[in-house]
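To find a chain, count down the sequence lines: A is the first, B the second, and so on, and within it residues start at 1.
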Amino acid sequence: MEDLIVSVAQRTLIAGTPLLIGTIGEVICERSGILNLGVEGVMSIGAVAAFVVTFYTQNLWLGLMAAVLAGMLISIIHAVASVSLQSNQVVSGLALTMLGLGISSLAGKPYVGKSLTEKMNTVAIPFLSDIPILGKILFVQSPFFYMAIVLALAAWFILEHTELGIKIRSTGENPKATEAQGINVSLIRYGCILVGGGFSGMAGANLSISYSKLWIEGMTAGRGWIVIALTIFALWNPMRAMIGAFLFGGIFVMQYLLQPLGISPSLLAMLPYMATLLVLVMIGIKDSKKLNAPAMLGEPYKRGER
Amino acid sequence: MIPIIKITNREKITPAHQMMTLLFSIMAGLFAIGLIFLAFGVNPVFAMMKIFTGSFGSMYGIKETVTKAIPLILIGVGLAIAFRAKFWNIGAESQLLMGAIFGTWVGLNWGPHLPAPMIIPLMFLAGFIGGALWGLIPAFLKIRFSINEVISTLMMNYICAEFLTFLIVGPWKGKTKFGFPYTDDLPASAILGVIPGSRIHYVTLIVALLVVFILGVIIYKTRFGYEVRVIGENPEAARYAGIDFFRTTLIIMAISGGVAGLAGVGEVAGIHHYLSYPASISSGYGFTAIIVAWLAKLNPFFVIVAGIFFAGILVGGDAIQISLGLPAATVQIFNGTLLVFLIMGDYFLKHRITFKNNRMPHGEPDPQ
């Protein structure tokens with residue numbers, strides 16, 4: 001029984017990690033007022049970049065760096081379109097997703113069916129991993145898990161307690177007043193989109209070099225979209241993002257737990273998507289105006305206009 | 001010497017200007033796609049030629065292009081209406097599938113007892129209802145719980161695809177299909193006729209053109225169409241004008257989902273003749289139609305041209321998949337890149353950019 005609990009809890013955290021990484025990125029991006037619907041595509045790019053680079057260099061860390069870099073690079077498209085050209089952010093984000101899925105499948109074609117010799121191994125933290133039960137769950141994990149937790153804390157601290165965080169948040173709330181303070185709104189938004197893209201790329205790397213050690217087309221399986229829902233669930237707060245991401249990790253794991261009961265795998269596969277809708281309904285039942293969404297989320301900002 | 005760039009709002013936008021911007025955007029987009037191909041070791045000139053000859057270069061290609069234009073036009077025109085009201089329906093893919101499911105149920109169960117002139121309209125009706133119901137859910141969720149429709153429609157795409165898979169491997173699995181996950185074939189009366197020597201199921205084509213005409217008239221000539229446009233352009237003003245946001249949103253999504261459902265019936269009754277895996281019933285028509293609607297500037301009549309254009313890309317995409325061994329999702333590169341360039345083109349349409357430079361006389365550079 002104890003083994004089962006440990007194993008389920010471990011796998012919950014493993015499944016939740018890429019969701020958490022992606023959500024932190026989207027929270028940062030949306031806090032600056034930019035809705036980025038490109039996460040699914042950027043994640044896919046990150047997954048393929050990490051796989052290919054690791055495949056040739058045999059170095060998982062280089063693979064991770066490549067994924068972050070690739071995620072940032074492809075996100076420039078969204079930055080140019082939504083910030084510089086004040087385009088519709090919904091359409092531009094969708095375009096980014098399509099482009100990301102297309103490019104990743106073209107780039108990954110030669111690597112379908114190949115596998116890495118090793119994936120990112122779990123690291124046991126000395127002493128802490130000796131704590132009964134909890135030690136095995138929390139402190140015998142992939143480096144991605146530790147990084148995700150640290151990044152979530154860092155993002156929370158930066159957004160809530162530093163001057164940079166105030167700049168980012170005020171850019172999302174009132175870009176005009178922010179500009180009047182002498183802060184470059186465009187620069188902040190470009191920065192946040194690129195950082196968000198880096199996080200999405202890292203989430204993709206999580207899937208291809210740690211969660212598994214291969215590349216298959218469509219391996220992101222809608223996680224990028226779940227990330228966007230989780231951002232709302234998290235009320236744009238990286239700390240709450242942790243709760244949401246691991247809750248969803250649990251739902252992913254539940255699919256496999258319930259399968260032996262004879263429920264159709266197709267019906268079980270609906271669970272994460274149903275849960276996303278359910279969570280949004282639950283948030284929607286509360287007064288949506290108190291959600292604390294960045295006031296200017298999705299609105300293009302044009303300098304010198306009212 | 002740094003030229004000073006001056007950006008001003010363009011006051012007047014002429015149709016000619018719009019046309020030029022559109023053409024430049026598409027050209028620039030195709031050029032960018034060529035560069036992407038080049039980056040991955042695919043000869044761009046060869047690939048582009050192959051796409052063109054594959055789609056418009058032969059009688060077979062033209063017939064296939066028309067066949068694939070049918071669902072794109074149907075869905076595209078529904079999306080054009082939804083997008084006009086700024087309702088971002090990304091769920092047409094599953095509204096199509098729901099239409100296919102409803103239509104197939106009617107065809108399989110009532111088809112053996114009814115003649116074609118009765119069963120086929122019933123199937124289309126069922127398909128419309130299926131798509132409309134599936135489209136109404138996100139509309140309701142948005143109105144009642146203010147849930148972002150991009151997310152809800154997307155989640156429903158996944159849910160519906162799994163539901164269809166559940167049906168064909170489970171309760172609806174055909175007795176005559178030797179264990180394959182397909183439903184039985186539709187009875188003869190429920191199968192749509194095709195133009196001989198092609199796969200063009202002309203009944204759906206006629207339905208599509210009728211839908212374009214009807215929705216075009218509704219958008220430009222009725223009070224409802226006016227309300228849709230006001231809601232999209234200025235929701236604040238819509239409220240003051242006493243426009244019922246809830247009612248309008250529900251009607252829009254019933255139409256948008258419903259016509260996607262019609263496309264689903266067309267695909268099953270006209271092409272496949274039985275239900276199978278989601279990816280074979282629709283090769284991403286619901287997503288490609290988003291760009292069709294955008295390329296058509298959300299004008300129902302232009303959707304016909306844009307639909308044929310993108311159908312050509314799909315058919316040509318199939319051709320290069322086979323001859324160059326490229327993955328199916330390559331066509332997404334076309335979709336994504338062209339969409340990026342189209343929205344960028346809009347900027348240059350709305351703004352005038354002038355360079356002030358000693359060497360360069362005042363003038364207007366080309367929009368790209």
Side-chain angles (χ1 to χ4, degrees), chain A residues 35 37-38 40-41 44 77-78 80-82 84-88 90-109 112 217-218 221-222 225-226 228-229 232 264-277 280-285 288-289 291 305, chain B residues 9 36-37 39-40 42 83 86 88 90 137-138 141-142 144-148 150-152 154-170 284 287-288 290-291 294 325-344 346-348 350-351:
Chain A
L35 176 68
L37 297 181
E40 178 82 0
S44 197
I77 295 172
H78 189 61
V80 171
S82 62
S84 301
L85 304 184
Q86 296 129 26
S87 304
N88 185 306
V90 173
V91 183
S92 157
L94 284 173
L96 186 58
T97 284
M98 293 175 184
L99 197 58
L101 292 175
I103 290 181
S104 57
S105 77
L106 186 62
K109 180 85 200 299
V112 172
E217 210 180 307
W225 298 110
I226 292 176
I228 290 159
I232 303 170
S264 149
S266 312
L267 293 183
L268 289 174
M270 289 180 192
L271 278 175
Y273 313 115
M274 297 275 232
T276 306
L277 286 180
L280 292 176
V281 167
M282 277 165 16
I283 294 172
I285 289 172
S288 61
K289 291 201 179 63
L291 275 187
E305 253 188 18
Chain B
N9 286 340
I36 296 173
F37 278 151
F40 290 102
V42 178
F83 291 173
K86 295 249 161 51
W88 301 108
I90 316 299
I137 298 173
L141 291 177
K142 178 172 188 174
R144 182 64 187 75
F145 302 110
S146 45
I147 294 178
N148 182 313
V150 174
I151 297 170
S152 61
L154 263 156
M155 292 299 126
M156 290 178 65
N157 282 345
Y158 289 103
I159 293 170
C160 185
E162 297 297 345
F163 178 62
L164 173 55
T165 312
F166 162 75
L167 287 179
I168 56 171
V169 299
F287 297 105
T288 305
I290 294 170
I291 309 135
W294 207 255
L326 299 180
T330 311
V331 83
Q332 297 259 38
I333 296 179
F334 275 92
N335 291 352
T337 312
L338 285 176
L339 194 51
V340 168
F341 278 87
L342 285 173
I343 52 180
M344 288 185 175
D346 282 346
Y347 181 80
F348 292 100
K350 285 180 195 142
H351 299 87

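In this structure, the portion of B/V150 lying under 4.5 Å from any heavy atom of chain A is its side chain and not its backbone. For B/D346, no part lies near chain A; criterion is any non-hydrogen pair under 4.5 Å. Residue B/I291 touches chain A through its side chain alone, counting heavy-atom pairs closer than 4.5 Å. Contact annotation for A/S92: both backbone and side-chain heavy atoms come within less than 4.5 Å of a heavy atom of chain B. The parts of B/F166 that come within reach of chain A are both its backbone and its side chain, each placing non-hydrogen atoms under 4.5 angstrom from that chain. Looking at A/S84, only its backbone comes within 4.5 Å of chain B, counting heavy atoms on both sides.
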Can you check side chain to side chain contact (heavy atoms under 4.5 Å, CB included) on B/F145 and A/I285, steps first, answer last? CA-CA 6 Å; B/F145 302 110; A/I285 289 172; 3.5 Å; yes
May I have the step-by-step check of side chain to side chain contact (heavy atoms under 4.5 Å, CB included) for A/L37 and B/I90, ending in yes or no? CA-CA 12 Å; A/L37 297 181; B/I90 316 299; over 6 Å; no
With side chain to side chain contact (heavy atoms under 4.5 Å, CB included) as the criterion, how do A/I226 and B/M155 come out once you've worked through the C-alpha distance, each side chain's angles and the decisive distance to 0.1 Å? CA-CA 8 Å; A/I226 292 176; B/M155 292 299 126; 4.0 Å; yes
Under the side chain to side chain contact (heavy atoms under 4.5 Å, CB included) rule, what do A/N88 and B/W88 come out as? Steps first, then yes or no, please. CA-CA 11 Å; A/N88 185 306; B/W88 301 108; 3.1 Å; yes
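Most heavy-atom pairs under 4.5 Å with chain B, from the set A/A269, A/A81, A/S266: that is A/S266. Contact count against chain B (heavy-atom pairs under 4.5 Å) is highest for A/V91 among A/L271, A/L280, A/V91, A/L268. The candidate with the highest count of non-hydrogen atom pairs below 4.5 Å against chain A, out of B/F334, B/F163, B/W294, is B/W294. Per-residue counts of heavy-atom pairs under 4.5 Å with chain A were compared for B/Y158, B/F37, B/F40; the largest is that of B/Y158. For the options A/S105, A/G41, A/G222, heavy-atom pairs under 4.5 Å to chain B are most numerous at A/S105. No other option in A/L96, A/V112, A/T276, A/V80 has as many heavy-atom pairs under 4.5 Å with chain B as A/T276. Of the listed residues (B/T165, B/N335, B/L154), the greatest number of heavy-atom pairs within a distance under 4.5 Å of chain A belongs to B/L154. Looking only at heavy-atom pairs under 4.5 Å with chain A, the residue among B/L141, B/I159, B/L339 that has the most is B/I159.
Remark: A/I232 CD1 to B/I151 CD1 distance equals 3.5 Å, nearest 0.5 Å. Within the model, atoms CG of A/L277 and CD1 of B/I147 stand 6.5 Å from one another, a figure rounded to the nearest 0.5 Å. In this structure, CG in A/L85 is found 8.5 Å from CD1 in B/I343, a value given to the nearest 0.5 Å. B/T337 OG1 to A/L99 CG: the interatomic distance, rounded to the nearest 0.5 Å, is 4.5 Å.
When all heavy atoms of A/E217 and B/A329 are compared, the pair lying nearest together is OE2-CB, 3.3 Å. Residues B/P327 and A/K109 share a closest heavy-atom pair of CD-CD, 3.6 Å. Here the closest heavy-atom approach between residue A/M98 and residue B/Q332 is recorded as O-CB, 3.3 Å. Contact detail for B/I333 and A/I103: the closest heavy-atom pair is CG1-N, 3.6 Å.
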